[in-house]
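Being a predicted model, the structure only gives us computed values, none of them experimental. Basis for what follows: all heavy atoms, side chains included, without hydrogens, waters or symmetry-related copies.
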Amino acid sequence: MSKTPTLDVSNINPNVVAAEYAVRGAIAVKAQQHGEKLRNGEDLGFESLVQCNIGALLLEKEEAKKIFPDDVLARAREYLSNIKGGTGAYSESKGALICREHVAKGISERDGYPCEVDNIWLTDGASASVNYIMRILIRNQNDAVLVPIPQYPLYSATLSLYGMYGGTMVGYYLEEQDGWQCTVDKLRQTIQQARDSGKCPRAIAVINPGNPTGQVLDRETQIGIVKLCAEENLVLIADEVYQCNVYADDKEFFSFKRIVMEMGEAAKSVPLLSMNSISKGFFGECGRRGGYMECVNFPQGVKDQLYKLASINLCPNINGQICIAMVMNPPKPGEASYELYNKEKMAILDSLKRRAKLVVESLNAMEGVTCNRVEGALYAFPRLQLPKYLLEQAEASGKPADFNYCMSLLDQTGIVTVPGSGFGQEQGTLHLRTTILPPETDMQALTERWKKFHQAYIHHTFKSTVYFNFLTMIACQNKTVAVRCPVTGRRPGNARSLSKINRFHGFKSIQMNDVSVVHHTVSRRSICRGSRTQPSVVCSKVAVLGAAGGIGQPLSMLLKMNNMVTDLALYDIANVAGVSAYTGPEELEAALTGAELVIIPAGVPRKPGMTRDDLFNINAGIVKSLAEGVTKYCPNAIVNIISNPVNSTVPITCEVMKKAGVYDPKKIMGVTTLDIVRANTFVAEAKGLDVKDVNVPVIGGHAGETILPLLSQAYAAARMAESVLLAKAGEKVIECTYTESTMVPDLPYFSSQVVLGPEGIAEFLPLGDLSPAEQDGLEKMKPLLTKNIAAGVEFASNN
C-alpha cells in the first residue's frame with residue numbers, strides 16, 4: 001500500500017462528515033463567537049445572547065461559604081460568573097470557555113509555548129478523546145492505528161467497538177530489556193509490515209508515562225517518534241494522563257506538545273492529539289470524568305468535524321470541566337491555598353515514589369520474577385518465569401498461565417492483580433500488572449503475603465482448602481491443638497466433620513509434620529470405621545492420577561493411612577515435593593504398571609462462573625489421555641473416576657477402553673459417593689441421627705438435577721476406594737456408582753446401588769419402588785443426562 005495521505009477532511013471517516021446536528025451546528029458556533037465578542041466589549045447592536053436553541057434548567061448561584069480561603073472563593077465566583085446558567089446547565093460543546101482558558105494557561109506554563117484555546121476540547125475523561133479521534137480516522141478495515149504492546153486495553157476495545165468501520169489495531173512491542181522503551185526502527189518495520197498486508201496506518205498511540213509498564217520515555221525517543229510521524233504522515237496520539245507521576249530521579253516528563261514546538265518546522269506537519277485526565281496524577285478524581293484533548297497542527301476542516309462530534313454529545317459534564325481546569329491551573333505561590341495544596345501534593349507523590357520502590361524490590365526478590373523499575377504512572381509489570389508443569393497445566397486448562405497465577409493469588413491471599421495476557425505481551429512471556437496504590441501502611445504486609453504465596457505456588461507446596469481442612473479435622477481430636485495454614489496463617493477449624501473421618505477403616509498413625517501445631521499434645525490413636533471388618537492380609541497397588549490437586553492430596557493421604565494399600569503410586573503432571581512420586585507422561589507407565597485400582601481425580605475443579613460445559617472442555621482431554629494409559633499399562637485394573645463432569649468422563653473412559661479392546665463394564669465406576677455422603681449427612685442432622693446409621697441411596701448421575709436421592713469430595717473418594725479394596729478381599733460391599741447400566745431404558749450410563757466384588761461390579765440392585773416425586777425427578781433428569789453421556793461418547797469418538 002502507498003504512503004499514508006496527509007490528514008485532511010477529504011480522507012477522514014465520511015460518516016462523520018455526512019453527520020448533521022443542527023441544534024449545535026453553524027448557528028450555535030456563530031452564537032459562541034458573538035458571545036466572546038460581547039465579553040470583549042464589542043458593540044453588536046445587542047447587549048446579550050438569549051439561548052433559545054436548547055432547553056436547560058438554570059441553577060441559581062450559591063453563596064460562597066465563609067470557611068474557604070479567599071482564593072477559593074474568588075475561583076468559585078470566576079467559574080460561576082463565566083459559566084452561564086451555573087453548573088447545572090449546558091456549556092459550549094467544546095467545554096466552557098473559562099475552563100478551556102484555564103487549561104490552555106496550564107499547558108502554556110508547563111511547556112513554555114503558547115496554547116490556543118481553540119485547540120482545546122474538554123472531555124468526559126481521556127477515553128472520550130480516544131473515541132473522538134478513532135471516529136475521525138477510521139474509514140474501513142484497511143485503516144490501522146499503531147498501539148504499544150503491552151497496551152492499555154482502551155485502544156483495542158475502542159477499535160473493536162467501531163466494527164462498522166472495521167479499523168485494525170497494529171501492535172508495536174516495547175523493549176522490556178530496555179526499560180519498556182520503544183525503538184523507532186521497530187516502529188518503522190511495523191508500519192511497513194502493516195502496509196505490506198494492505199493496511200493504511202493512520203496514527204500511532206503513545207502512552208507516556210506508560211500503562212501498564214510504568215516507563216517514562218526518553219526525550220530522544222520522543223523526538224524520533226515525532227520525526228517518524230512527519231515522514232509517514234501519521235497522526236500522533238499522546239496519552240499523557242500520568243504526566244504528574246514521575247518517580248525516577250533521572251527521568252523527566254516532556255509533553256509531546258513541547259517536543260513538537262521545539263522541533264519547529266521539522267514537526268509542523270505532524271497532527272498531534274494530546275490528552276490528560278483528572279483520573280490519575282495525585283488527585284485521582286476518576287469518578288468525576290474530567291479531561292481535555294489538545295489538537296495541534298490539525299487542519300481546520302478536521303477540527304470542524306471534531307467540533308461536530310462534540311456537539312452531538314452536547315457537552316462534557318460541568319463538574320469534570322471545572323476539575324480539569326483546577327488541575328491545570330492550581331493555586332500559585334503567594335495565594336492563600338498554595339501552602340496546603342503543595343503540602344498535600346508532595347506528600348502523595350513522595351508516598352507513591354516510596355511505594356513504587358518497595359513494590360519493585362519485593363517483586364525482584366521473588367524467585368523467577370523480574371521487574372523493571374517503576375519510573376512513572378501507577379503500575380508495575382513484572383515478568384513471571386513459571387515452572388514447566390504450571391505451563392502444562394495452563395495449556396490443559398485452556399487458560400493463560402498468568403491468568404491462573406493471578407486467580408490463585410486472589411484465592412489464596414485476596415490480592416487482586418491483572419494478568420499480562422490482558423494487555424498483550426511478547427509470545428513466550430508471562431506478566432501481570434499490579435498497582436502501587438495500596439496504602440503505604442499496608443504495603444509491607446501485603447508484599448510479605450505475596451512473597452509467601454509465590455514461593456508456595458511455584459513449588460506447589462501450598463495446601464488446598466480441602467487438604468488443610470482435613471489436617472485440621474485430625475488435629476482437632478485434641479482441643480488443645482491450634483492449626484494454622486502455612487501460607488495464609490488462617491485457622492479454619494472444621495472439627496465438626498471429624499466424626500466422618502473417624503469412621504474410616506484401618507487408618508495408620510497420623511503424623512502432624514505438615515501443619516503448624518502450637519501445643520504438641522495430639523492424640524496418636526488410630527482412627528477406624530466401626531462397622532467393617534479388616535482382612536488380615538491384602539496386597540493392593542493403588543494408583544492416584546492427579547495426586548497433587550485439591551482432591552488428590554487429601555485422598556492420597558487417606559489411602560496412605562489405609563492398611564489395605566501396600567503400594568501407593570502417586571502421579572501428576574506437577575512435580576510436587578513430598579506428594580507426587582511419578583511426574584509427567586514419561587513416568588505414567590511406572591505409576592500404572594501392576595495397579596489393581598486406579599483412581600482419577602485429575603483435572604480442574606469447577607470454579608465460580610464456570611458451567612459444566614466449561615468443565616467438560618478442559619477435563620475431557622485429560623481423562624481421555626489417562627484412560628489410554630490405563631489400557632496400555634494396567635488394562636485389568638478397576639477404575640474409579642472422580643474427574644468432573646462424571647456424567648461425561650465415565651463414557652469417555654469406557655469408549656477408550658472399548659477402542660483398545662480391553663473394556664470390562666464391571667470395572668469402570670464413576671465416584672458418586674459424595675452425593676450419598678451429603679444425603680446421609682443432611683438426613684442425619686435433620687432427624688437427629690448418627691450419620692453412620694443412615695443410608696440414602698442416590699441414583700441418576702452426578703450433576704445438578706441428574707442427582708436424585710431416594711428418601712464431603714476427598715472423603716467420598718477415599719470411602720469408595722476403601723469399598724473397592726474390601727470387595728477385592730472378599731467382603732460384600734454395597735455402594736452407589738455411576739457406570740454403564742441397563743437400569744433405566746435409553747440411559748446407557750446411570751448411577752445406582754451395586755454390589756462390589758473382587759472383579760468390580762458383581763451385581764446391580766433394583767431401584768425399588770419410587771415415590772411420585774422421585775419418579776418425576778427421574779423423568780426430569782433424563783434429557784440432561786442423555787446430553788452429558790452423548791458429549792462424552794462423541795468426544796471419545798472424534799479425538
Exercise. With distance as the sole test, does Asp402 use its side chain to make a donor-acceptor pair with the main-chain N or O of Ser421 at under 3.5 Å?
Worked result: yes
Exercise. Given Thr221 and Cys182, is the side-chain contact (heavy atoms from CB on, under 4.5 Å) satisfied, shown in steps?
Worked result: CA-CA 7 Å; Thr221 300; Cys182 68; 3.8 Å; yes
For this session: Using atom types as modelled and distance alone, determine if a side-chain donor or acceptor of Asn364 lies under 3.5 Å from a backbone N or O of Cys371.
Result: yes
Exercise. Are the side chain of Asn208 and the backbone of Ala238 linked by a donor-acceptor contact shorter than 3.5 Å?
Worked result: no
Exercise. More than 12 heavy atoms of other residues, nucleotides or ligands under 6.0 Å from NZ of Lys186: is that the case?
Worked result: yes
For this session: Can you sort out the partners of Trp450 under ring-ring contact (aromatic ring centres under 6.0 Å, His included), two or more places apart, ordered by chain and number?
Result: none
For this session: Find out whether Leu272 and Leu236 are in side-chain contact, i.e. whether some heavy atom of one side chain is under 4.5 Å from a heavy atom of the other.
Result: yes
For this session: May I ask you to check whether Tyr242 and Tyr379 place their ring centers less than 6.0 Å from one another?
Result: yes
Problem set entry | CG-CG distance between Leu273 and Leu306, expressed to the nearest 0.5 angstrom | 7.5 Å
Exercise. Just how far is it from atom CE of Met275 to atom CD1 of Ile237, taken to the nearest 0.5 Å?
Worked result: 6.0 Å
Exercise. If you round to the nearest 0.5 Å, how far is OH of Tyr341 from CE of Met326?
Worked result: 11.0 Å
Problem set entry | side-chain contact (heavy atoms from CB on, under 4.5 Å) between Ile204 and Glu232, intermediate numbers included | CA-CA 10 Å; Ile204 176 172; Glu232 302 290 347; over 6 Å; no
Problem set entry | Least distance between heavy atoms, Glu375 atom then Val216 atom | OE1-N, 2.8 Å
Exercise. Roughly how far, to the nearest 0.5 Å, is CD1 of Ile120 from CG of Leu97?
Worked result: 11.5 Å
Exercise. CD of Glu175: more than 12 outside heavy atoms within 6.0 angstrom?
Worked result: yes
Exercise. Are any side-chain N or O atoms of Thr168 and backbone N or O atoms of Gln141, one a donor and one an acceptor, separated by less than 3.5 Å?
Worked result: yes
Exercise. Is any side-chain heavy atom of Thr434 less than 4.5 Å from a side-chain heavy atom of Leu363?
Worked result: yes
Exercise. Are Asp118 and Lys303 close enough, and set up right, to give a side-chain contact (heavy atoms from CB on, under 4.5 Å), and what steps lead you there?
Worked result: CA-CA 9 Å; Asp118 188 54; Lys303 289 165 65 175; 3.2 Å; yes
Exercise. Ignoring hydrogens and geometry, is there a side-chain-to-backbone donor-acceptor pair from Gln385 to Leu430 under 3.5 Å?
Worked result: no
Exercise. Would you call Arg110 and Ser108 a side-chain contact if the rule is heavy atoms closer than 4.5 Å?
Worked result: no
For this session: Enter the distance from Asn276:CG to Met293:CE here, rounded to the nearest 0.5 Å.
Result: 13.5 Å
Exercise. Side chains of Tyr292 and Met328: closer than 4.5 Å at any heavy-atom pair?
Worked result: yes
For this session: Quick one: closest heavy-atom pair of Met134 and Val145, and the distance?
Result: SD-CG2, 3.9 Å
Problem set entry | Aromatic plane relationship, Phe381 with His431 - under 30° parallel, 30 to 60° tilted, over 60° perpendicular | parallel
Seminar exercise, completed: Shortest non-hydrogen pair, Leu122 vs Cys99, comes out as CD1-CB, 3.5 Å
Problem set entry | Distance-only polar pair, side chains of Asp196 and Gln192, donor-acceptor under 3.5 Å | yes
Problem set entry | Short side-chain to backbone donor-acceptor contact, Asn317 and Gly320, under 3.5 Å | yes
For this session: Would you mind reporting whether Phe253 and Glu240 have side-chain heavy atoms less than 4.5 Å apart?
Result: yes
Exercise. Between Lys251 (side chain) and Asp249 (backbone), is there a donor-acceptor pair under 3.5 Å?
Worked result: no
Exercise. Given the rule in the side-chain contact (heavy atoms from CB on, under 4.5 Å) test, do Arg433 and Asn211 qualify, once you have shown the distances and angles that lead to the verdict?
Worked result: CA-CA 9 Å; Arg433 189 189 81 168; Asn211 177 9; 2.9 Å; yes
Exercise. Where is the tightest heavy-atom contact between Pro271 and Leu234, given as atom of each residue plus distance?
Worked result: CD-O, 3.8 Å
Exercise. So with a 6.0 Å cut-off around CD of Glu116, is the heavy-atom count from everything else above 12?
Worked result: no
For this session: Indicate whether the side chain of Thr213 and that of Gln215 have a donor and an acceptor atom separated by less than 3.5 Å.
Result: yes
Exercise. Between the side chain of Gln321 and the main-chain N/O of Gly95, is any donor-acceptor distance below 3.5 Å?
Worked result: no
Problem set entry | Option passing side-chain contact (heavy atoms from CB on, under 4.5 Å) with Ile149 (candidates Phe423, Tyr173, Tyr172) | Tyr173
Exercise. Got Pro150 and Trp180 here, is their nearest side-chain heavy-atom distance under 4.5 Å?
Worked result: yes
For this session: For residues Ile278 and Cys323, report the shortest heavy-atom separation together with the two atoms involved.
Result: CD1-CB, 3.6 Å
Exercise. Is there a donor-acceptor contact under 3.5 Å from the side chain of Arg355 to the main chain of Pro438?
Worked result: yes
Exercise. Lys199 side chain to Ala144 main-chain N or O, any donor-acceptor pair under 3.5 Å?
Worked result: no
Problem set entry | Test item: Ser269 and Asn297 side chains (from C-beta on) under 4.5 Å apart, heavy atoms | no
Exercise. Looking only at heavy atoms, which two atoms of Val184 and Ile225 are closest? And how far apart?
Worked result: CG2-N, 4.0 Å
Exercise. Are Cys115 and Lys257 side-chain neighbours, meaning at least one heavy-atom pair lies under 4.5 Å?
Worked result: yes
Exercise. For Lys357, does the NZ atom sit with more than 12 other heavy atoms under 6.0 Å from it, leaving out its own atoms?
Worked result: no
Exercise. Which value, rounded to the nearest 0.5 Å, describes the distance between Ile107 atom CD1 and Arg100 atom CZ?
Worked result: 12.0 Å
